[in-house]
S.K.: 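Encoded as structure tokens, here's the structure I'll be asking about.
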Number of protein chains: 2
Amino acid sequence: MEKDITIYDIARELNLSPTTISRALNDHPAVNKKTKQRISDAAAQMGYRSNFFASNLRKQHTNTIGLIVPRLDSPFHSAVISGIEKVLNEEGYNLIISQSLETFQKEKSNAKTMFDSRVDGLLVSLSFETEDLQHFEPFINRGIPVVFYDRVAEHRNCTNIVIDNLQAAHKATSHLIEQGCTNIVHITGNLKRNVYADRLKGFKYALLDHGLPFSEDQVILGEMTEAAGQKAASQILAMSPRPDGIFVSNDTCAVSCIKALKQAGLSVPQDIAVIGFNNDAISRVIEPNLTTITNPGQEMGEVAVKVLLLQINGTGERIPGNTINLRSELIVRESSLKSKAKSKKKSVLA
Amino acid sequence: MEKDITIYDIARELNLSPTTISRALNDHPAVNKKTKQRISDAAAQMGYRSNFFASNLRKQHTNTIGLIVPRLDSPFHSAVISGIEKVLNEEGYNLIISQSLETFQKEKSNAKTMFDSRVDGLLVSLSFETEDLQHFEPFINRGIPVVFYDRVAEHRNCTNIVIDNLQAAHKATSHLIEQGCTNIVHITGNLKRNVYADRLKGFKYALLDHGLPFSEDQVILGEMTEAAGQKAASQILAMSPRPDGIFVSNDTCAVSCIKALKQAGLSVPQDIAVIGFNNDAISRVIEPNLTTITNPGQEMGEVAVKVLLLQINGTGERIPGNTINLRSELIVRESSLKSKAKSKKKSVLA
DNA sequence: TTGTATGCGTTATCAT
DNA sequence: ATGATAACGCATACAA
């Protein structure tokens with residue numbers, strides 16, 4: 001349990017002032033190259049490590065950015081975090097993470113913790129239940145940039161990173177219609193969240209654009225979990241006439257729905273075509289493979305953090321109320337392919 | 001951009017000394033109850049927030065713990081992190097995370113960052129390539145506790161949190177043998193890592209215990225990725241005589257292997273029975289559903305961090321070189337059930 | 001190019 | 001029960 005060595009120790013060792021040591025270690029231009037070298041050698045040799053806390057205390061910033069995420073154990077958010085961590089690590093920033101577990105309450109308390117931790121910037125994907133953005137005001141008021149991604153909300157000064165959910169949903173729904181579906185159900189999440197509200201809009205507009213009727217009965221709202229998918233399936237099975245297509249707002253839910261449907265003796269896509277969302281690994285495992293929409297988590301994380309860093313090191317540019325759209329596309333697999341589907345024997349057996 | 005308010009501001013406001021404010025805010029017993037109340041009211045009213053950095057600088061600890069994990073985008077590690085975050089959040093600790101991406105190099109650099117960040121404790125699951133534990137010595141030497149989980153290594157002073165991989169593998173292999181398999185292949189990862197080495201041992205011992213021969217040809221080493229599963233499948237298809245059972249060290253790999261096998265016209269479990277590892281969601285989606293072994297990620301995370309916290313707040317107990325075993329069990333599903341498998345028509349169609 | 005002096009906000013020590 | 005003072009390690013304004 002040795003003692004930490006400080007710039008004072010190095011200064012004494014080299015007969016220099018602590019100031020010079022500090023400057024050299026921070027690569028200040030006004031330090032002699034040779035002195036700089038001597039100092040960095042000595043520092044390395046003596047096992048010096050900078051004290052973040054003293055430095056932060058002095059500089060009034062933390063080199064830490066905060067992330068509030070609905071849940072950690074989701075393939076999409078894992079990918080996002082992976083992207084964030086990658087960039088941040090290269091830039092020498094630290095990341096602190098907390099999960100809201102989809103509750104407003106927890107999200108508020110997380111925000112408070114982040115604020116008290118004096119993060120230099122905040123990355124947020126909103127919980128299902130979040131009602132307003134009050135809890136982020138302290139950041140805004142102090143000029144601490146906040147960037148929302150995926151589950152976003154409009155706020156002056158905050159940038160949003162998203163995909164075009166409306167368009168994606170429109171594409172998915174249109175695809176179902178082109179496959180011959182005329183009675184389509186949409187399973188989605190809490191409409192407070194843009195992602196679900198926008199997908200519902202895209203769903204509606206697509207029906208409209210193809211001259212199909214829309215009624216509220218065609219929308220099933222839920223938690224988008226495995227259990228929710230099962231429950232939705234049984235609701236769908238009870239509908240009459242039975243729907244011939246389903247557009248689900250995530251793959252987890254779509255997959256469990258398909259499982260339940262198959263168990264009930266239906267065949268996908270012949271009896272019901274299904275489309276999911278996110279392009280999780282699971283979508284390539286379910287049989288039939290799931291048609292879905294890509295949601296570039298890793299890229300979204302990278303972009304979000306880059307935008308945040310840009311604002312932190314603000315070279316003036318503010319980008320207020322701006323939204324950045326990332327590309328996403330429909331990946332067509334068997335679960336929606338009514339036309340090309342060979343009349344498999346499986347359908348008979350079920 | 002208002003100015004931060006400090007204990008001095010509160011002190012001035014209430015005509016007290018900063019010392020008393022500090023004590024009150026830290027719930028020091030030697031402060032009058034009523035004064036305490038006045039102070040905490042004033043603090044709340046004035047919007048005071050403690051400055052971690054000043055406090056840390058003074059107290060010489062950070063209330064932050066570090067986590068080094070092979071990859072963030074894995075269901076198992078997501079679950080672990082979820083567990084860790086949950087406990088830490090309750091205890092008022094911060095978590096900083098970095099991923100080694102399975103390389104020794106990156107793990108070393110991560111460790112250095114963590115050390116420079118002056119984490120109060122470190123949680124680690126080793127990368128594939130890690131050769132030694134040198135990079136953790138600085139922590140040990142400074143009395144900073146390090147806890148390994150899942151991918152662990154023996155080290156004086158460090159606690160390991162694991163499941164009994166040997167026993168689990170033994171159970172899995174025995175199950176295959178009981179199902180009538182006599183020519184079993186084991187697909188696993190880098191044997192530097194305990195998890196893979198122990199599973200291989202369990203595999204061997206099970207064969208031995210049932211009087212079956214073992215040869216090195218029965219072991220396929222790989223990255224345990226989706227691609228690795230495919231590759232392993234083609235190797236298996238080229239073997240003669242063809243194996244009738246496979247025990248795979250993770251579900252991702254097992255699933256892609258099954259997919260390839262099916263594509264080649266084989267039926268699982270009739271032609272080849274398969275068992276995976278981890279009980280990821282994907283194991284309940286693949287057809288046939290995958291027999292697998294539970295690996296309690298969330299619990300492992302919780303236990304690991306609790307042990308770490310115990311050592312940090314060291315009430316004397318050291319638990320050096322100790323290992324904590326968590327329960328895990330075999331979950332039997334269709335992919336290994338040769339005996340009960342109805343001769344499905346699917347087998348004929350393939 | 002280098003050095004001196006000071007303050008960042010807290011907490012520990014030692015008084016009262 | 002409360003207060004005065006110093007110290008944690010660093011970075012900057014100012015001086016030389």
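Hydrogens, waters and symmetry mates are skipped; everything else that's a heavy atom, side chains included, is used. Residue numbers begin at 1 in each chain, while the letters A, B, ... track the order of the sequences. Remember, it's a predicted structure, so these values are computed and weren't measured experimentally.
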S.K.: For DNA chain D, which residues in residues 12-37 of chain A have a heavy atom at a distance below 4.0 Å?
M.R.: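 Going residue by residue through residues 12-37 of chain A, the ones with a heavy atom under 4.0 Å of DNA chain D turn out to be A:Thr19, A:Ser22, A:Asn26.
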S.K.: Listed by chain and number, what are the side chain to side chain contact (heavy atoms under 4.5 Å, CB included) partners of A:Ala24, not counting sequence neighbours?
M.R.: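 A:Ala24 satisfies side chain to side chain contact (heavy atoms under 4.5 Å, CB included) with A:Val31, A:Lys36, A:Ile39 once adjacent residues are dropped.
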S.K.: Under 3.5 Å, side-chain donor or acceptor atoms of residues 40-49 of chain B against the rest of the protein: list the pairs with distances, not counting sequence neighbours.
M.R.:
from: B:Ser40; atom 1: OG; to: B:Gln37; atom 2: O; distance (Å): 3.4
from: B:Asp41; atom 1: OD1; to: B:Gln37; atom 2: NE2; distance (Å): 2.9
from: B:Arg49; atom 1: NE; to: B:Asp4; atom 2: OD1; distance (Å): 3.3
from: B:Arg49; atom 1: NH1; to: A:Phe115; atom 2: O; distance (Å): 2.2

S.K.: Return the value, rounded to whole Å, for the distance between atom CG of B:Asp4 and atom C1' of C:dC8.
M.R.: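 From B:Asp4 CG to C:dC8 C1': 11 Å.
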S.K.: Between which residue ranges does DNA chain C form stems of three or more consecutive Watson-Crick or G-U wobble pairs, both distances under 3.5 Å?
M.R.: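 Listed by first number, the stems are C:1-16 with D:1-16.
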S.K.: Side chain to side chain contact (heavy atoms under 4.5 Å, CB included) with B:Pro70: which residues, sequence neighbours excluded?
M.R.: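 By the side chain to side chain contact (heavy atoms under 4.5 Å, CB included) rule, B:Pro70 matches B:His77, B:Ser100, B:Glu102, B:Ser125, B:Arg151.
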S.K.: Any pair with a residue in residues 83-92 of chain B that passes salt bridge (charged side-chain N to carboxylate O under 4.0 Å, His left out), sequence neighbours left out, goes on the list, sorted by first then second residue, please.
M.R.: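 Qualifying pairs: B:Lys86-B:Glu302.
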S.K.: Look at A:Gln60 and C:dG9 and indicate whether a side-chain polar atom (N or O) is within less than 4.0 Å of OP1 or OP2.
M.R.: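 Indeed, a polar side-chain atom of A:Gln60 lies that close.
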S.K.: Do the side chains of B:Glu107 and B:Arg71 get close enough for a salt bridge, i.e. N-O under 4.0 angstrom?
M.R.: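 No.
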S.K.: Measure distances between side-chain N and O atoms of B:Arg58 and base N and O atoms of C:dT11, and say whether any donor-acceptor pair falls under 3.5 Å.
M.R.: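 Between C:dT11 and B:Arg58, which were checked side chain against base, a qualifying N/O pair under 3.5 Å is present.
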S.K.: Using a cut-off of strictly less than 4.0 Å between a heavy atom of the residue and any atom of DNA chain D, enumerate the qualifying residues of residues 40-52 of chain B by number.
M.R.: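 None, since no heavy atom is under 4.0 Å.
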S.K.: To the nearest Å, give me how far apart NZ (B:Lys59) and C1' (D:dG9) are.
M.R.: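 To the nearest whole Å, that distance equals 17 Å.
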S.K.: Measuring only between side-chain heavy atoms, which start at C-beta, is A:Asn94 closer than 4.5 Å to B:Thr64?
M.R.: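 Counting from C-beta outward, A:Asn94 and B:Thr64 never come under 4.5 Å.
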S.K.: Residues two or more places apart in sequence or in another chain: which of them pass side chain to side chain donor-acceptor pair (under 3.5 Å) with B:Asn32?
M.R.: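 With sequence neighbours excluded, B:Asn32 shows a side chain to side chain donor-acceptor pair (under 3.5 Å) to no residue whatsoever.
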S.K.: How close or far is atom C1' of C:dT2 from atom CD1 of A:Ile7, stated in whole angstroms?
M.R.: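 One finds 14 Å between C1' of C:dT2 and CD1 of A:Ile7, rounded.
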S.K.: Just the rounded figure in Å: distance from P of C:dG7 to CG of B:Leu57.
M.R.: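 It is 16 Å, rounded to the nearest whole Å.
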S.K.: Please enumerate all residues that pass ring pair (Phe, Tyr, Trp, His ring centres under 6.0 Å) together with B:Phe52, with sequence neighbours excluded.
M.R.: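 With sequence neighbours excluded, B:Phe52 shows a ring pair (Phe, Tyr, Trp, His ring centres under 6.0 Å) to no residue whatsoever.
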S.K.: Starting at atom NE2 of A:His61, determine the distance to atom P of C:dC8, rounded to an integer number of angstrom.
M.R.: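 In whole Å, C:dC8 P lies 17 Å from A:His61 NE2.
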S.K.: Any base atoms under 4.0 Å from A:Phe53, or only sugar-phosphate, or nothing? Heavy atoms, all strands.
M.R.: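 If one applies the 4.0 Å heavy-atom cut-off, A:Phe53 turns out to touch nothing in the nucleic acid.
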S.K.: Rounded to the Å, how far apart are A:Asn56 CG and D:dC10 P?
M.R.: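 That distance rounds to 12 Å.
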S.K.: Looking at residues at least two apart in the chain, or sitting in another chain, which of them share a ring pair (Phe, Tyr, Trp, His ring centres under 6.0 Å) with A:Phe128?
M.R.: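 For A:Phe128 the ring pair (Phe, Tyr, Trp, His ring centres under 6.0 Å) partners, ignoring immediate neighbours, are A:Tyr196.
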S.K.: Send over the distance from B:Ile10 CD1 to D:dG3 P, rounded to a whole Å.
M.R.: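 For the pair B:Ile10 CD1 and D:dG3 P, the rounded distance is 14 Å.
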S.K.: Excluding sequence neighbours, so at least two apart, what forms side chain to side chain contact (heavy atoms under 4.5 Å, CB included) with A:Ser109?
M.R.: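 Per chain and number, A:Ser109 pairs via side chain to side chain contact (heavy atoms under 4.5 Å, CB included) with no residue.
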S.K.: Taking ring pair (Phe, Tyr, Trp, His ring centres under 6.0 Å) as the definition, give me every residue that meets it alongside B:Phe136, ordered by chain and number, with sequence neighbours left out.
M.R.: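 With neighbours one apart ignored, the set is B:Phe148.
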